[in-house]
Each structure stands twice: as structure tokens, then as C-alpha cells.
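Throughout, a chain's letter reflects where its sequence line sits, starting with A, and its residues are numbered from 1.
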2 protein chains.
Amino acid sequence: MNSSNTFTPIKLSDLRRSLAFEPGKGLWRSGDAGRAWRVRQGVVRLDSTTSAGHSVFGSLAIAGDIVGCETLLFGAYTFNATALTQCELSPWPEGDAAAASASLLESLAKAQRRAADLVALRGGQAVDRVLGLVRLLADGAGRVVLPARQDIADITDLRFETISRIIKTLERAGVLAAVHIDGVRASRGYAVDLSAMPA
Amino acid sequence: MNSSNTFTPIKLSDLRRSLAFEPGKGLWRSGDAGRAWRVRQGVVRLDSTTSAGHSVFGSLAIAGDIVGCETLLFGAYTFNATALTQCELSPWPEGDAAAASASLLESLAKAQRRAADLVALRGGQAVDRVLGLVRLLADGAGRVVLPARQDIADITDLRFETISRIIKTLERAGVLAAVHIDGVRASRGYAVDLSAMPA
DNA sequence: CGATTCCTTGAGCAACCTCAAAAGCGGTGG
DNA sequence: CCACCGCTTTTGAGGTTGCTCAAGGAATCG
């Protein structure tokens, strides 16, 4: 019910290498058989399937997060996963059993912090939610590739028209600046200057 | 900045037994030294401390969830924890290292599902959010002890006046019924009848 | 370059918020 | 036991933010 899904299953032959995906690409669906991954780059959107059968935003995974670990318990994914930006996944666990166990504890702690971040993106004034997402997704150098308006809307529980208005306002205020490479627009790429944010 | 906090640190001598807490009781604060626990009963509220120094709702832990596992990594808690209802915690991990590792994986999977649940509580129409929380907290027999209005408001990102209006409406519609024991009101206890919910 | 999807912008409206006041509930101490 | 105090909950009236519906423009893909 959300986003475009050019969906093809992950190939068995790829299980040992790192995989790259384009924005909008469906990675897997709830119930599919598969394995666990670590997100190396980009943003993965995880959706729950409602009783009514349509897909609603459930959570986000960004660089460092582990996704699909439930496959180790049930053999199948519980969420639908799609790439929101260009992204890269590598198989998990990556080392031996001991390394996996340490990384599990770390992942659990990280998952709990991530949950709090997500919750924060769905509360308060509309502008602050969008800025929160920008902050979450921006790299250290003040660069960010935003998801599509509709995906931002799903994440923040706002309407895409509202997101559009807010992002335009932030551009006019100098907080966001569309990035161009060789004179051509980098799709949804922005330079971020939070200090330009009016009180 | 939220809720009343009759705060006293957890005693060392209690580390091996299960502990019980009254609603409103502060369990620990971010930065405190302490250990990890499994929630046996009730609802624990976890708050992040903002840069401005005040506490904002971050997430919920209910029966079966593991809280404070980050102490095994950093030696200190990252969230402030308070009991929203009468609740009971027992030390975690409960068995040997092998059992802990299996339970970790399970906990990670559960934490991710819990995150999606929380996210769902902060989107959509006000009534549906409150009903979502009621469903999350109700036991199998259609009984629930709700947190205070202000806490429900913090969880759902609504105002406590709005929560009050919604709960009264649900009572009048027969979805919620205040529970009395020996003719005396069971504090914030309700019987739930979701089938009485109008479309 | 034609079609489809995504984004922008406007006008009016509804859901929820804000501010305010009063009633209920629980403890505490006379 | 009752009067009092603080805190929570209820209820009302009016205001604001973000939603809905609608239309046109920009991007992207074949």
C-alpha cells in the first residue's frame, strides 16, 4: 500500500557477499524465508503487515543495525523491508559464535536506543520531526540523502503535502540546500546547516 | 519533568531476588550504575534525558522484556525508568551463558517488534492510539490497569485532556468499564470489551 | 518525447490543543 | 472521623496546526 516495490527475492548465490540495493527496492516480505543482515549503508524501512493485509511503517534500520535476526529463530522475516536510499547489506553474524554473542548484546542495546529515536520522530511539532529525521540520517559532514516525501510522511506520521511544505520552508531558511554534482541535481541529496535554523 | 518520582536506589542485597514496585516509583536514572532485569509483571516507562536536561518518553517495557541490558556494556543505564503500574522485575540473565545467548537473540527480535508496536501507538487517530495501548496492556481476560492520564498522553503524544475525553467516551460506549472490588474502585483498573467498539 | 510518478502550492476545514475552572481522590494531621 | 491539602481527572470554549481536496509543474523512465 506504500512505496513502489520492484521486488525480486535475494539470490542464494549472493548469501556470502555484501549486497547493494537502489532506493525503492523491496528486499523481502514478511513470511519470506531468509537470513539476518547488517546494514552497512543507507536506510532500510521495515513495515508490519496489518490484519487488513496492508503494509504500515514499523521501523527504520540504518548503518550498523541488524535486521532480520528473527529468521534465526523462526526461519522467516516478520517485517517487509524496502530500501529508502541506496543501501548495502552484508550477512550477519559475520564472525564466530563468540563474536556473534557480543555483537548481539550490543545490537539489543542499540535497538532499544533506535526505538526511542523513532518514537521521538513521531511526537511534537511537524518541523521538529522532520529535522529529527534529517539529524538521524545526516552523515558527519552535514550531507544527507532523504527518502521520498511519502516515506518521510509515513515515518513521521504526517502527510506528504506537509512534508513538502516543511522541506521547502527549510530550504528557503537555508537549513537545507539541494546538492548538485556537475550542475545536475543529486536526487534527494541535501547539504544540512542546522545552525541556520531559526528558533 | 514528567510523573512523580519517589526515587530510591535499588539495594545491592536485593540483586538476586525479584523486586516489586508501586506505580509512579522511579527505578533508576540514566547514568546510574546497575544491572539488567527482566520485566515479570506490569509496565515500565523508559525516558531519555534531552540535551535540555528534561526527561521525555522513550519507550515501554512490558512483561517478558529485558531492560537495562546496556549496563553489561557500559556499566550504567541509558534511560530513566519508572513503574507505570504495579510491577515486578527479576535479575537477568537468569541462567548460564548459553541460556543467556539464546535469550539475547529472542530479546532482540522481541525488541524490534516492540518498537513497531510503540511506533503504531503514535500514529493515526487519537482514539485508535488509546485503544492500541489498551490492547497492548490488557491481559488475556480483558482486564487492564491503565497508567495515569499524563503517562498515556506521553506515550501516545496526545494531551492528558484529550486522553481523559477519549477514555470517558470509551466508558460511555461500553468499551471500558471501571472495575470495583468489594464496592471499591480498583485504581485505574478497567474491564475491556473491544467488541463494543463502534466502527 | 510521452507517460507515469513525484513534488509543489493553494484554500478551506477538522482534529486536537490551549487555557481555565471545578470536582474527585488520597493521604495527613488535628 | 473529618477538614484540609495536593494532585489527578473531568469538562467547557475557543484557537491552531496539520489534514483534505484539488490542480499544475518537475523528474524520471521507457
Take the protein atom CD1 of B:Ile152 and the nucleotide atom P of D:dT8, then report the distance between them rounded to whole Å. 13 Å
Quick one, A:Phe21 and A:Leu19 - any side-chain contact, counting heavy atoms below 4.5 Å? yes
In whole angstroms, the gap separating P of D:dT11 from CD1 of B:Ile166 amounts to 14 Å
Does B:Arg29 pair with B:Asp32 as a salt bridge, N-O distance under 4.0 Å? no
Closest non-hydrogen atom pair between B:Asp65 and B:Lys110, with its separation: OD1-CD, 3.2 Å
Distances under 3.5 Å between nitrogen or oxygen atoms of protein and nucleotides 25-30 of chain D:
none

Would you work out how much the helix from C:dC1-D:dG30 to C:dG30-D:dC1 bends between its ends, with each end axis defined by five base pairs, to 10 degrees? 50°
Could you list the residues that satisfy salt bridge (charged side-chain N to carboxylate O under 4.0 Å, His left out) with A:Arg40, not counting sequence neighbours? A:Glu94
Check whether B:Thr169 reaches the backbone of B:Arg165 with its side chain - one donor and one acceptor, N or O, closer than 3.5 Å. yes
To the nearest angstrom, how far is B:Gln150 atom CD from D:dT10 atom P? 13 Å
Short side-chain to backbone donor-acceptor contact, B:Asn80 and B:Ser30, under 3.5 Å: yes
Please determine if A:Glu171 and A:Lys168 form a salt bridge, counting it only when a charged side-chain N lies under 4.0 Å from a carboxylate O. yes
Scoring nucleotides 8-21 of chain C by protein non-hydrogen atoms under 4.0 Å (B base, S sugar-phosphate only, - none) yields BBBB----SSBB--
Taking 4.0 angstrom as the limit, do A:Arg45 and A:Asp47 come out as a salt bridge? yes
Could you identify which residues cluster with A:Phe160, counting Ile, Leu, Val, Met, Phe, Trp and Tyr as linked when any side-chain heavy atoms lie under 4.5 Å apart, either directly or through a chain of such contacts? none
Distance-only criterion, 3.5 Å: show the donor-acceptor pairs between side-chain atoms of residues 118-147 of chain A and protein atoms not counting sequence neighbours.
unit_1	atom_1	unit_2	atom_2	d
A:Arg122	NE	A:Ile155	O	3.0
A:Arg122	NH1	B:Val119	O	2.8
A:Arg122	NH2	A:Asp154	O	2.8
A:Arg129	NE	A:Gly124	O	3.0
A:Arg129	NH1	A:Thr156	O	2.6
A:Arg129	NH2	A:Gly124	O	3.2
A:Asp139	OD1	A:Ala141	N	3.0
A:Asp139	OD1	A:Gly142	N	3.2
A:Asp139	OD1	A:Arg143	N	2.7

Take the protein atom CG of A:Asp151 and the nucleotide atom C1' of C:dC7, then report the distance between them rounded to whole Å. 14 Å
